[in-house]
Amino acid sequence: MIDQSVTITHLDQAVTEWIEGEAQRTGQSVEAIVRWLLVQGMEVARHQGTAQRYHDLDDLAGTWSTADAVVFQQALDDMNQLDPTLWQ
């Protein structure tokens, strides 16, 4: 592991206050919180870069008629009915 120092300048006051507050809340150093944030950001970026977008259902989008939508909504409404006897 390379031990490299990085200085971050021009942070928004709200960001600085959040980092300092998180450090106090967790009992960790500000540096530890910033390292954790960087790792979390890398994981999110890595996941977004590998997330695959599928287009196999694109041809179906927008093909329902108004009647189809009404029938579908009625089916959903039926499924959303609660049986009060099940909650006793």
Side-chain angles (χ1 to χ4, degrees):
M1 182 169 120
I2 299 172
D3 191 11
Q4 179 81 29
S5 293
V6 176
T7 302
I8 301 173
T9 60
H10 307 294
L11 285 177
D12 178 285
Q13 182 178 353
V15 171
T16 302
E17 288 174 359
W18 185 89
I19 291 170
E20 290 171 350
E22 200 59 17
Q24 273 189 325
R25 186 184 72 77
T26 62
Q28 297 182 37
S29 69
V30 167
E31 289 80 10
I33 298 298
V34 171
R35 277 193 302 273
W36 178 80
L37 288 170
L38 288 170
V39 170
Q40 295 301 309
M42 285 175 47
E43 287 178 9
V44 168
R46 194 174 295 140
H47 177 70
Q48 287 175 343
T50 61
Q52 189 171 1
R53 184 168 227 162
Y54 296 95
H55 297 284
D56 50 342
L57 299 177
D58 288 357
D59 291 340
L60 299 175
T63 60
W64 283 9
S65 67
T66 302
D68 292 336
V70 168
V71 169
F72 183 74
Q73 188 59 53
Q74 287 172 342
L76 286 179
D77 291 342
D78 290 342
M79 285 188 262
N80 287 327
Q81 297 299 316
L82 296 177
D83 183 351
T85 60
L86 295 175
W87 294 94
Q88 295 178 356

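Computed from a predicted structure; not experimentally measured.
Connectivity analysis of hydrophobic side chains (ILVMFWY, heavy atoms under 4.5 Å, direct or indirect) links L37 to V6, I8, L11, V15, W18, I19, V30, I33, V34, W36, L38. Here Y54 is tied to no hydrophobic group at all, with no ILVMFWY side chain closer than 4.5 Å. Taking Ile, Leu, Val, Met, Phe, Trp and Tyr as members and joining any whose side-chain heavy atoms lie under 4.5 Å apart, directly or through other members, M42 forms no hydrophobic cluster with any other residue.
The environment of CD in Q24 is sparse: at most 12 heavy-atom neighbours from other residues, nucleotides or ligands sit within 6.0 Å.
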Check residues 66-76 and write down every donor-acceptor pair under 3.5 Å in which the side-chain atom is one partner and the other belongs to a residue at least two apart or another chain.
{"from": "D68", "atom 1": "OD2", "to": "S65", "atom 2": "N", "distance (Å)": "3.2"}
{"from": "D68", "atom 1": "OD2", "to": "S65", "atom 2": "OG", "distance (Å)": "3.2"}
{"from": "Q73", "atom 1": "NE2", "to": "D77", "atom 2": "OD1", "distance (Å)": "3.0"}

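The side chain to side chain donor-acceptor pair (under 3.5 Å) search around T85 returns D83, not counting sequence neighbours. Applying the side chain to side chain donor-acceptor pair (under 3.5 Å) test to D58 and every residue at least two apart in sequence or in another chain returns H55. Residues satisfying the side chain to side chain donor-acceptor pair (under 3.5 Å) test with Q13, not counting sequence neighbours, are E17.
Among pairs with a residue in residues 24-34, those fulfilling salt bridge (Lys or Arg N to Asp or Glu O under 4.0 Å) read E22-R25, at least two apart in sequence or across chains.
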